[in-house]
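Convention: sequence-line order gives letters A, B, ...; per-chain numbering from 1.
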Number of protein chains: 2
Amino acid sequence: MSRRPPATAELPQMQLVHLLRAVTVGLDLLGAGFANTHGLHPTDVRALIHLLDADRTGVAATPGWLGAQVGLNSASTTALIDRLERLGHVRRSRDPADRRRVLLSVDPSAVELGWMFFGPLIERMVTAMQAFTDDELDTARRFLQAMHGAVQVRPGSPAGTPTPVDSDPVPSP
Amino acid sequence: MSRRPPATAELPQMQLVHLLRAVTVGLDLLGAGFANTHGLHPTDVRALIHLLDADRTGVAATPGWLGAQVGLNSASTTALIDRLERLGHVRRSRDPADRRRVLLSVDPSAVELGWMFFGPLIERMVTAMQAFTDDELDTARRFLQAMHGAVQVRPGSPAGTPTPVDSDPVPSP
DNA sequence: TGATATTCTCTCGACGAACGAGATACTTGA
DNA sequence: TCAAGTATCTCGTTCGTCGAGAGAATATCA
């Protein structure tokens, strides 16, 4: 108890921290539920999200890149891609420019799966956003960008942190 | 592609959705990094967070409750608590009122661990919040609450969704 | 009171995701 | 051409998770 920093517990800022974390927990549970509804593992869902993101933003997805995104070993990444390929959600092809590399392309079935997950969620979110003015949404956007920055650790993240993410998943507007 | 809803891709709302998801991904990776730095598993970290929340808000934590929070089987929940108990972060004790139930109490070491994780993160977040006025922070709070509501699914969540959470992790202000 | 159903937790055996170490294929620079 | 570096994959092990079911305590009703 005495170790607890003095007055942070009641600051309105702490409400926001807890709230943000609650949203995160909710999204995680949502993803986990969607995963075992479709015979996937939570990691598979996360991987699919990253692959769809890459597809959407034109980033070239390779096993190494994907492993970095989801924080996985190379061995585990291979196994992950094997699973997704076996399910028909992803295809491997050699990069003609650098034939060491393998390029991952998402199948339409993966896109469809993505929309099955995100579609209703996005719908609920967008509906909820209708209660806000454009200015307020812009404030929320700036706020989330600030939080996104606070979450990205780059300095002395002690050993084993799988976060050397090079490409920002959210391209600045 | 033809399955993609018409014009959602470029709406400013979509920016917010992607941004929120990016923050979630960041927090997840942060948790995973913290986990294997301390010889824990991501699930253990999530469980500790819930246990600390319960401790903070005065909710009685039991194995069943914890399992529901993290979306785990009863067998897995037992194993999870075994791990945490072996590490000295949690203690089991019988509920004197209902002697079927086991009450979980967090050790000070767990609280310390929690602050090692959240301390720096909260600091960065609160610092980032200083760039916002009180009104703006209030807008952000309302926005996050709306998103939190959108994330909580209650109706026909198809089979296996582990989200029948009864107690709101974020007590309304 | 006694019998039955319900609730909560734990044990057992099996599966498979993730890891570490090392092998293989390709590219780049001297 | 050869060495060093990079990208991916293979092999064997560990351990978290699951399904099924047992045990203990409580609640319900005749």
Side-chain angles (χ1 to χ4, degrees), chain A residues 28-29 31-33 35-48 59-87 90-105 159-162 164 166, chain B residues 28-29 31-33 35-48 60-87 89-105 159-162 164 166:
Chain A
D28 277 354
L29 281 178
N36 71 16
T37 302
H38 292 267
L40 300 169
H41 289 255
T43 304
D44 302 3
V45 174
R46 290 169 55 205
L48 276 177
V59 172
T62 69
W65 173 86
L66 181 61
Q69 297 299 310
V70 297
L72 238 56
N73 202 319
S74 76
S76 314
T77 303
T78 297
L80 164 66
I81 298 172
D82 284 347
R83 290 198 298 274
L84 293 179
E85 200 173 29
R86 200 179 316 129
L87 292 171
V90 127
R91 276 198 314 273
R92 286 184 235 233
S93 58
R94 285 280 164 192
D95 185 344
D98 182 345
R99 290 169 37 80
R100 289 171 306 184
R101 307 208 310 167
V102 165
L103 295 180
L104 305 174
S105 53
T161 309
D166 42 332
Chain B
D28 277 354
L29 282 178
N36 70 18
T37 302
H38 292 267
L40 300 168
H41 289 256
T43 304
D44 301 3
V45 174
R46 289 170 54 207
L48 276 177
T62 70
W65 173 87
L66 182 61
Q69 297 300 309
V70 296
L72 239 57
N73 202 313
S74 77
S76 314
T77 304
T78 298
L80 163 66
I81 299 173
D82 285 347
R83 291 198 297 275
L84 293 179
E85 198 172 30
R86 199 177 316 127
L87 291 171
H89 295 325
V90 126
R91 277 198 313 273
R92 286 184 233 234
S93 59
R94 286 279 164 193
D95 185 345
D98 182 343
R99 290 170 35 82
R100 290 171 305 183
R101 307 207 311 166
V102 166
L103 295 179
L104 304 174
S105 52
T161 308
D166 41 330

- Message: Tell me every residue that passes ring pair (Phe, Tyr, Trp, His ring centres under 6.0 Å) with B:His38, counting only those two or more places apart in sequence or in another chain.
- Response: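 Per chain and number, B:His38 pairs via ring pair (Phe, Tyr, Trp, His ring centres under 6.0 Å) with B:Phe34.
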
- Message: So which atom in A:Arg92 and which in A:Leu104 form the shortest heavy-atom distance, rounded to 0.1 Å?
- Response: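 In terms of heavy atoms, the two residues are closest at CG-CD2, 3.9 Å.
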
- Query: Which atom names give the shortest non-hydrogen contact between B:Arg46 and B:Val70, and what distance separates them?
  - Reply: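 In this case the closest contact between B:Arg46 and B:Val70 is NH2-O, 3.2 Å.
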
- Task: Taking salt bridge (Lys or Arg N to Asp or Glu O under 4.0 Å) as the test, write out the residues that go with A:Asp28, two or more places apart.
- Result: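 Testing A:Asp28 for salt bridge (Lys or Arg N to Asp or Glu O under 4.0 Å), a comparison that skips the adjacent residues, returns none.
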
- Contact pattern, 5' to 3', of nucleotides 3-16 of chain D - B, S or - by protein heavy atom under 4.0 Å: --BBSSBBB----S

- Task: Keeping to residues at least two apart or across chains, list the salt bridge (charged side-chain N to carboxylate O under 4.0 Å, His left out) pairs with something in residues 63-80 of chain A.
- Result: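 Passing the test, one end in residues 63-80 of chain A: no pairs.
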
- Query: Taking any atom under 4.0 angstrom from a heavy atom of chain A, which nucleotides of DNA chain C are the first and last to qualify, 5' to 3'?
  - Reply: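 In short, chain A contacts DNA chain C from C:dA17 to C:dT27.
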
- Task: Go through B:Arg94 and B:Val102 one step at a time and tell me if the side chain to side chain contact (heavy atoms under 4.5 Å, CB included) criterion holds.
- Result: CA-CA 5 Å; B:Arg94 286 279 164 193; B:Val102 166; 3.9 Å; yes

Name each donor-acceptor pair under 3.5 Å that joins a side chain in residues 73-81 of chain B to protein atoms two or more places apart or in another chain, with its distance.
| from | atom 1 | to | atom 2 | distance (Å) |
| --- | --- | --- | --- | --- |
| B:Asn73 | OD1 | B:Ala75 | N | 3.2 |
| B:Thr77 | OG1 | B:Asn73 | O | 2.5 |
| B:Thr78 | OG1 | B:Ser74 | O | 3.1 |

